[in-house]
Structure formats: structure tokens, C-alpha cells
Amino acid sequence: MEARYFSKKVVEWYQQNKRSLPWRNTKDPYKIWLSEIILQQTRVSQGLPYYQDFVREFPNVHALASASEQKVLRLWQGLGYYTRARNLHKAAKEVSTKHKGVFPSSFEELKKLPGIGEYTAAAIASISFEEAVAVVDGNVFRVLARMFGIDKPINSPEGKKYFSSLANQLLDKKQPATFNQAVMEFGALHCTPKNPQCSTCSFNATCIANKNNLQSVLPYKLASKKSRRRYFYYIVIRKGNSLLMNLRKGNDIWKGLYDFYLIEKSRLVKTEHLLNDDLFLKKLKPLISDVSTSGLFKHILSHQNIQAKFITLELAKKPVAIPENLRFYSIKKVGQLPKPVLISRFLSDFRLL
DNA sequence: AAGACGGGGCA
DNA sequence: TGCCCAGTCTT
């Protein structure tokens, strides 16, 4: 697809379909800035009332700068990502004092203000000052990836550079404000993440994703390491000088290494609840001597997103049936296990030896 | 390069 | 319930 063709058609679409929004009726960099910060990671429907509150309460950068941080935060309450509010306030003070109330007017100068990165600097520079610099936000990634069939990962440094360069190539330098907003609005309303309106899209004959049914895989993103919190409740079972060890399997942390019998939860739970609910422990419990509930899980270890709690229990006799991953190893032999990394660490930590 | 930061939409 | 959304700053 020709760059000129894309730019022309997306602007045409924008003229006919754009929403009427308060920050579209002004070029005041203060208000554009305010709207851009509020709309970071935030849908218009959620951000709009906050924008109105802020404009009413702080009609200009001096009003915002002279307010207390408490008041700014109170107005921001419920919107999330609260460092945005703190940086907003900090930046307002800088503009008010260092720049004497005159907003920086170039991409490079804007980027120096706290809370203003690549995207926001480009947005303000283009919308308020018609600087010929393309914005690259989530909408732009999506629209360009689909339209031009680009499978470079949008969350890699190379991918980001590539998309930024493409967006700047496509940019209509005669009307950067309109072009940038057109692409973003098109992404927000028409070329949506889910259920894009391809059947009524004026690009559907030329869009690579539509022609190849790739809407659901573009934009492509590198699998992000999802860091959910994990709570490991370890029951260290001892019988004489044998320890019940667990060989970890599957595609998970510490695969192939040994640890102890483990009850995993996605959140903190009451230990009584934990002990009563677990089937295996119900089987073990009758065999356990010397359970002092006062000492339950008093050892805590932290590893990345894992919080591990430990309890040691002494068995009166060995259980008849235990899961296959679990075996008793004599403490003397522990050092000779195939990969004793975890074990030795845990053992020295808890002085079981 | 990877993680933290939040609330809302949606399956 | 848990995944997804995706700018900026920090480590």
C-alpha cells in the first residue's frame, strides 16, 4: 500500500467518524498535555470525567502548579497509575517556574519533563505545535501491523524502532496533528483489538491482515513473562533422618531440581484452612507426631515472585502411599542427589542437618 | 532488558 | 476468576 494512499484515506475516515471530545477543540499545550497524561493506559470513557474535573479545578498550568500534591492526588483518585499524577504535578511546577509558564514547544524539550516519554512528547509536539513527528501508541502499533502485515514484535526494541520509523514515513507532514489523531482514532474505534470492523472497513481490499485473516495475531507480541504472585507452602516432612523430597517436573521453575512437598496457592491463605483442605495432608496428618501449630510456617523465603513458607513436621511412621514425585531420602544422601542446589540451600537455611 | 505501576472490559 | 490492555520510570 502506498504511504500517500494510507494517509489520505485514514484522514478521510477520521473527518467522518471522529468523536467530539473536549481536548479536540483546543491546541492549548496545557490541555493537550493533561488529556494525554490522563489517557495513558486509560480509555476515553474512564478518563473523560477526570479531564473535566482537572480543567475546572486547574484551568492553567499555574493553578495546577500551586496546588498541593494532596489535592492533585485526590482528584486523580480512582484513575490508577498514581505516579502519573505526581509527575503531572512535578512537571507543572517545572513549566510554571523554570519555563515561566510557557510550555516547551518541541518534541525534545517536552520529553525532558517528568511523565512525558516518546509517545506523549510526540502527541503534544504534533497536536499543539504541528511538529512533524509521528505518535506511536498501542493503536498505531495495531493499525500499522495489520494494514502492512508486520510481524515484528511490538515489545522489542527493534520492533519499536521499526514501527516508529514506519509511522514517520507514513506521516502526512503537512498536517501531523490530524494524521496522528486519525490513526489513533481509527485504531480505537474501527481497527479494535478484538472484533475489528473489517467488513465495513475502507481498507479491507488492501489490508494485509484482513486478506490473510491475521487480525487476531497482529500486532505480534513477544510472550511476556507474566509475573503473577505465587505462594508456596512447603511442608518439610521428616522421618528420623530421612526427608520427603520432591522432584520438580513440568514447565515450571526449578524443573529437575528437588524441593519439598508443596501446596501452591495464588494468594495468602490461613494456614488452618490450608491444612484442613489438602487431601494429602489429611492422609499424612494421622501419621504426624509433634505438630506444634504455634510454629506453623514461621520461616519465610522470597524468590522473584514467589513467597515460600516452611513448616517442618516429624512423622511417627512412614505413610503407605505417597505421590510418585515424592521420595524419602536420608539426610546423609541428600548431598549426593542429582541436583542438590535447592536442597542444600534450604537445608542450610533451616538447619535441618 | 525486565519489572512495577491500576483500574476496567471481557471471556 | 483471571487475562488483557500498553506508556513511563526504575532497577
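Within the nucleic acid shown, A/Pro114 comes within 4.0 Å of sugar-phosphate atoms alone, with no base atom in reach, counting heavy atoms only. Residue contacts shown for A/Arg86 are absent, as no nucleic acid heavy atom lies under 4.0 Å away. Among the protein residues, A/Tyr82 comes within range of the sugar-phosphate backbone only, with heavy atoms under 4.0 Å from sugar or phosphate atoms but none that close to a base.
Partners of A/Lys112 under the side chain to side chain donor-acceptor pair (under 3.5 Å) rule, at least two apart in sequence or in another chain, are A/Glu109. In this view, A/Phe58 and A/Phe54 satisfy the ring pair (Phe, Tyr, Trp, His ring centres under 6.0 Å) rule, not counting sequence neighbours. In this structure A/Phe107 satisfies the ring pair (Phe, Tyr, Trp, His ring centres under 6.0 Å) test with no other residue, sequence neighbours excluded.
Summarising the geometry, the separation between CG on A/Asp137 and P on C/dG7 is reported as 5 Å, rounded to the nearest angstrom. Between A/Tyr50 atom OH and B/dG6 atom P the separation is 13 Å, expressed in whole Å. When the C1' atom of C/dT8 is taken as reference, atom CZ of A/Phe107 falls 13 Å away, rounded to whole Å. Per the geometry, NZ belonging to A/Lys221 stands 8 Å off P belonging to C/dC4, to the nearest Å. Summarising the geometry, the separation between NZ on A/Lys112 and P on C/dT8 is reported as 17 Å, rounded to the nearest angstrom. We find that NZ of A/Lys90 is positioned 15 Å from P of C/dT8, with the value rounded to whole Å. Taking atom CG of A/Leu79 as the reference point, atom C1' of C/dG7 lies 14 Å away to the nearest angstrom. Going from atom CG of A/Leu73 over to atom P of B/dC5 covers 16 Å, rounded to whole Å.
Crowding of A/Lys98 atom NZ: a count of heavy atoms from other residues, nucleotides or ligands under 6.0 Å not exceeding 12. Sparse packing is recorded around NZ of A/Lys93, with 12 or fewer heavy atoms of other residues, nucleotides or ligands lying under 6.0 Å away.
For A/Pro157 and A/Gly80, each mapped to the nucleotide of DNA chain B holding its nearest heavy atom, the one lying further toward the 5' end belongs to A/Pro157. When the nearest nucleotides of DNA chain C are assigned to A/Ile154 and A/Leu113 by heavy-atom distance, the more 5′-ward of the two goes with A/Ile154.
Between A/Glu185 and A/Arg24 a salt bridge is recorded (basic side-chain N to carboxylate O distance below 4.0 Å). For A/Arg238 and A/Glu314, the salt-bridge test passes: some basic side-chain N is under 4.0 Å from an acidic carboxylate O. Between A/Glu118 and A/Lys111, at least one side-chain N (NZ, or NE/NH1/NH2) sits under 4.0 Å from a carboxylate O, which counts as a salt bridge.
Both A/Ile37 and A/Leu110 belong to a common hydrophobic cluster when Ile, Leu, Val, Met, Phe, Trp and Tyr are linked at side-chain heavy-atom distances under 4.5 angstrom. There is no path of hydrophobic side-chain contacts, each under 4.5 Å, that joins A/Val135 to A/Leu21.
Residues A/Gln40 and A/Thr120 have side chains in contact (heavy-atom distance under 4.5 Å, counting atoms from C-beta outward).
The stretch residues 116-126 of chain A has no heavy atom under 4.0 angstrom from DNA chain B at all. At a non-hydrogen distance threshold of 4.0 Å, nothing from residues 26-39 of chain A comes into contact with DNA chain C. Contacts between residues 159-173 of chain A and DNA chain C, counted as heavy-atom distances below 4.0 Å, involve no residue at all.
Between the P atoms of C/dT11 and B/dG6, the separation comes to 15 Å (whole Å). Of the P atoms belonging to C/dA6 and B/dA11, the separation is 16 Å, rounded to the nearest Å.
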- Note on the structure: Given Watson-Crick and G-U pairs under 3.5 Å, DNA chain B in dot-bracket ([ ] crossing, | other strand) is |||||.|||||

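Contact annotation: A/Gln41 does not reach the phosphate of B/dG7 (side-chain N/O to OP1 or OP2, under 4.0 Å). Taking 4.0 angstrom as the limit, A/Lys111 places none of its side-chain polar atoms (N or O) nearer than this to OP1 or OP2 of C/dT8.
Ring pair A/His190/A/Phe186 is parallel by interplanar angle, where below 30° counts as parallel and above 60° as perpendicular.
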Residues 202-209 of chain A side chain polar contacts: donor-acceptor under 3.5 Å, at least two apart:
{"residue": "A/Asn204", "atom": "ND2", "partner": "A/Cys198", "partner atom": "O", "Å": "3.1"}
{"residue": "A/Asn204", "atom": "ND2", "partner": "A/Cys201", "partner atom": "O", "Å": "3.3"}
{"residue": "A/Thr206", "atom": "OG1", "partner": "A/Phe203", "partner atom": "O", "Å": "3.1"}

Atom pairs and distances, donor-acceptor, side-chain atoms in residues 70-82 of chain A, under 3.5 Å, two or more places apart:
{"residue": "A/Lys71", "atom": "NZ", "partner": "A/Glu57", "partner atom": "OE2", "Å": "3.0"}
{"residue": "A/Trp76", "atom": "NE1", "partner": "A/Gly80", "partner atom": "O", "Å": "2.9"}
{"residue": "A/Tyr82", "atom": "OH", "partner": "A/Gly78", "partner atom": "N", "Å": "3.0"}
{"residue": "A/Tyr82", "atom": "OH", "partner": "A/Gly80", "partner atom": "N", "Å": "3.4"}

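Within the structure, the salt bridge (charged side-chain N to carboxylate O under 4.0 Å, His left out) test picks out the following pairs touching residues 129-145 of chain A (sequence neighbours left out): A/Lys27-A/Glu130. Listed by first and then second residue, the ring pair (Phe, Tyr, Trp, His ring centres under 6.0 Å) pairs involving residues 125-161 of chain A are A/Phe6-A/Phe148, A/Phe141-A/Phe163 (not counting sequence neighbours).
When each of A/Asn180, A/Leu171, A/Ile32, A/Thr178 is checked for a side chain to side chain contact (heavy atoms under 4.5 Å, CB included) with A/Ser126, only A/Asn180 meets the rule.
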Taking only N/O atoms, report every protein-nucleotides 8-11 of chain B pair under 3.5 Å with atom names and distance.
none

